[in-house]
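Side chains are part of it too, since the values below use all heavy atoms of this structure and drop only hydrogens, waters and symmetry mates. All ligand and atom numbering here is 1-based and tracks the order in the structure. Just so you know, these numbers come straight off a predicted model, no measurement behind them.
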Amino acid sequence: LNVGFLINQAIGYSRDFPFDIAQIHIPPDLDLLSLTGTARFTRTPQGLLAQIKMQAHVESECVRCLNHTVSPLVVDFSELYAFSKKTASETGLLLPENGYILLEPLLREYMLLELPINPLCRPNCQGLCPVCGADLNEHACEHNEQPIDDRLAVLKSLKRESKE
Ligand SMILES: [Zn+2]
Ligand SMILES: [Zn+2]
């Protein structure tokens, strides 16, 4: 992003940069789909204030059934690209002298914070049968009684604990 021209604008001047990217790889490890949103840069006395509102999708594997799943990510943050170290915020971001900002590393950091730790293909995913590996979302298998028994056993032990 070339934001250098904003330096010569009046304080309070801002410019929106819309994003609409079907697929993007952010080195070293982040692949995003349908990245959309806006980066707004505003000239302030201290530097250029970036206000980023973006959403994207990330591909992952459901932790229960291992099926391919796509999770939404939403980020909304502000960072100051300061003119000098004196006015820098605690993140210490400085506006490069050539006025070109590489937004990807910052975006990556915030997107990684939003990554689901335990992605699920659906909230009530039944997972795989621990015995035969059948996808229990698609069809029940003969071992399917087992998990229900387990759940009952847990309930019973909970009841026992609450009595004690
Ligand atoms: Zn699943
Ligand atoms: Zn089974």
Side-chain angles (χ1 to χ4, degrees), residues 1-3 14-42 48-81 88-96 100-164:
L1 276 187
N2 180 11
V3 294
S14 72
R15 174 72 74 89
D16 285 354
F17 297 87
F19 278 75
D20 191 349
I21 303 170
Q23 209 172 348
I24 182 171
H25 174 76
I26 303 182
D29 55 1
L30 188 62
D31 284 286
L32 299 174
L33 298 173
S34 55
L35 175 71
T36 59
T38 317
R40 166 171 291 184
F41 282 85
T42 305
L48 298 182
L49 180 68
Q51 291 165 287
I52 316 291
K53 285 184 184 139
M54 289 194 197
Q55 50 265 313
H57 286 89
V58 65
E59 294 184 321
S60 48
E61 219 172 52
C62 172
V63 291
R64 286 190 199 152
C65 70
L66 308 182
N67 275 325
H68 174 259
T69 178
V70 175
S71 311
L73 299 178
V74 179
V75 292
D76 186 344
F77 62 90
S78 302
E79 290 281 354
L80 179 75
Y81 286 87
S89 63
E90 63 268 29
T91 53
L93 278 176
L94 292 177
L95 185 68
Y100 276 92
I101 284 176
L102 198 61
L103 213 51
E104 279 90 345
L106 197 59
L107 200 56
R108 177 180 166 274
E109 264 178 53
Y110 278 89
M111 287 284 182
L112 285 180
L113 291 178
E114 298 300 320
L115 279 185
I117 297 160
N118 294 310
L120 292 176
C121 60
R122 67 199 93 181
N124 61 344
C125 173
Q126 302 298 306
L128 300 177
C129 169
V131 180
C132 69
D135 186 340
L136 300 177
N137 297 302
E138 281 166 19
H139 52 84
C141 67
E142 57 197 292
H143 318 102
N144 210 358
E145 300 298 308
Q146 199 60 41
I148 293 161
D149 287 349
D150 282 351
R151 257 174 258 156
L152 280 178
V154 169
L155 275 180
K156 276 178 195 156
S157 68
L158 280 177
K159 271 187 194 157
R160 226 174 288 138
E161 274 171 31
S162 62
K163 272 182 202 156
E164 280 166 13

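Nearest heavy-atom pair across Leu136 and Cys141 is CD2-SG, 4.1 Å. Nearest heavy atoms, Ala88 versus Leu93: CB-O, 4.3 Å. Nearest heavy-atom pair across Pro27 and Arg108 is O-CD, 3.5 Å. In plain terms, the two heavy atoms of Asn137 and Cys125 that are nearest each other are ND2-SG, 3.4 Å. Considering every non-hydrogen atom in both Cys62 and Cys121, the closest pair reads SG-N, 3.4 Å. Glu61 and Thr69 make their closest contact through C-CG2, 3.8 Å (heavy atoms, listed as atom of the first residue, atom of the second, distance).
How far CG of Asp20 is from CE of Met54: 10.5 Å, rounded to the nearest 0.5 Å.
Ordered by chain and number, Cys129 SG, Cys132 SG, Cys141 SG, His143 ND1 make up the set of protein N, O or S atoms under 2.8 Å of the Zn ion (ligand 2). Around the Zn ion (ligand 1), the protein N, O or S atoms found under 2.8 Å comprise Cys62 SG, Cys65 SG, Cys121 SG, Cys125 SG.
Residue pairs meeting the ring pair (Phe, Tyr, Trp, His ring centres under 6.0 Å) criterion with at least one member in residues 100-132, sequence neighbours excluded: Phe77-Tyr110.
Phe41 pairs by the ring-ring contact (aromatic ring centres under 6.0 Å, His included) definition with Phe17, not counting sequence neighbours.
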